Amino acid sequence: MISFEITRFGEVDSTNEHIKRLMAQGAPEGTVVIAETQTGGYGRRGHVWSSPQGGLYLSALLRPGVYQVIDQADLMAKLPTLSLACGIAVRRTAVGFLAPRVAQDVKLKWPNDVVVRTEAAYRKLSGISLEGTAEGLCLGIGINVVPPSSSKAGKEVYLAELTCSGECPSVEKVSDALLTELGAIYNTWLDQPFLHFLSEYNEHNVMSGRRVSIQAGQGTIEGEFLHIDEAGRMMIRTEDHGVIPIVSGEAHVLGIS
Ligand code: BTN
């Protein structure tokens, strides 16, 4: 099924932008761009993604429609679950470098952040974006691997801080491991329903059993997080409206930072 064709750069504006340019020129499924630094890295909702040396910045061109195994109508219906499945690939990658005691604190935060509990707070290890254009999909993944020398304690956590010896795998090792996990997950996602991944997603979901607040559209919804359903929606029990599905929005877990 998918195989990756990787090009590595020193510095680019954004690996996502680079992939979208290649996509417009007809580059094939599996084209991957990795950069050591980005001058214009960005995240979901246009947030700046700070991209100093020591992080993994990777984008991949996906065209799931090219495969016969998946019907076009089914593909459109399951597309919202692709970035959740990619979150599982990133979590598996990180956990592969960690001792079990630390690995259990690596969590998924809907829709597709990977966060780690450190002392009282959850901090972000990785962010994932998925952009669709007429020509295909651009998957963007940033993983904090080694902290930059100037870094102050912030909202991020770095893989290097989590390994027992403080010794960290190289960014290249992390990218190799990520592409292995990503390839396996993507191939499974193409021919299995998202239900196949659901228990793993829910088991490691940081929101399980917690009160959450979700900014969706112009409003905010508060309630108890129940689980992610087979369509990748967040099921929330609210006081006024019972259990409602949330398709998109920015989720905050109340009571933990
Ligand atoms: C988010 O958490 O908001 C998603 C962050 C995605 C960042 C990655 S880094 C590689 C790729 N290039 C970009 O400009 N963004 C993505």
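Note that the structure is predicted; figures quoted are calculated from it, not measured. First listed ligand is number 1; within each ligand, the first listed atom is number 1.
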Go through ligand 1 atom by atom and flag the ones less than 4.0 Å from a non-hydrogen atom of [X].
X      : answer
Asp113 : 2 (O)
Gly43  : 1 (C), 3 (O), 4 (C), 5 (C)
Ser14  : 12 (N), 13 (C), 14 (O)
Gly41  : 14 (O)
Leu58  : 10 (C)

Notebook entry, point to check: Got a sec: does the CZ of Arg237 have more than 12 other heavy atoms crowding it under 6.0 Å?
Noted result: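 Result for CZ/Arg237: open.
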
Notebook entry, point to check: Charged N to carboxylate O below 4.0 Å: is that the case for Asp13 and Arg21?
Noted result: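 Between Arg21 and Asp13 there is a salt bridge, with a charged N closer than 4.0 Å to a carboxylate O.
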
Could you check [atom] against the protein and tell me its nearest heavy-atom contact, residue, atom and distance included?
atom                    : answer
atom 11 (C) of ligand 1 : Thr15 OG1, 3.2 Å
atom 3 (O) of ligand 1  : Arg44 N, 2.7 Å
atom 15 (N) of ligand 1 : Tyr42 O, 2.7 Å
atom 16 (C) of ligand 1 : Asn16 ND2, 3.6 Å

Note to self: Please check this pair: side chain of Glu5 against backbone of Gly30, looking for a donor-acceptor N/O pair closer than 3.5 Å.
What the structure shows: no

Checklist line | Test item, Gln38 contacting ligand 1 (heavy atom, 4.0 angstrom) | finding: yes

Next item on the list: Consider every N or O of Ser129 and every N or O of ligand 1, then say whether any pair is closer than 3.5 Å.
Entry: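 No - when backbone and side-chain N and O of Ser129 are compared with those of ligand 1, no distance drops under 3.5 Å.
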
Note to self: I'd like to check whether Lys124 has a polar contact with ligand 1, where a contact means an N/O of the residue lying under 3.5 Å from an N/O of the ligand.
What the structure shows: yes

Checklist line | Short side-chain donor-acceptor distance under 3.5 Å, Ser59 and Asn16 | finding: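 Side chains of Asn16 and Ser59: pair found under 3.5 Å.
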
Check: Have Ser126 and Arg91 got a donor and an acceptor in their side chains that come within less than 3.5 Å?
Finding: no

Margin query: Please find the pair of heavy atoms, one from Phe194 and one from Ile228, that lie closest to each other, and give the distance.
Written below: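 Closest pair (atom of Phe194, atom of Ile228, distance): CE2-CG2, 4.3 Å.
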
Next item on the list: Looking only at non-hydrogen atoms, find the nearest pair between Leu125 and Leu159 and report the distance.
Entry: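 Taking Leu125 first and Leu159 second, the nearest heavy atoms are CD1-N, 3.6 Å.
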
Margin query: Quick one, Tyr201 with His227, criterion ring pair (Phe, Tyr, Trp, His ring centres under 6.0 Å). Give me CA distance, side-chain angles, the key distance, then yes/no.
Written below: CA-CA 9 Å; Tyr201 196 96; His227 58 85; over 10 Å; no

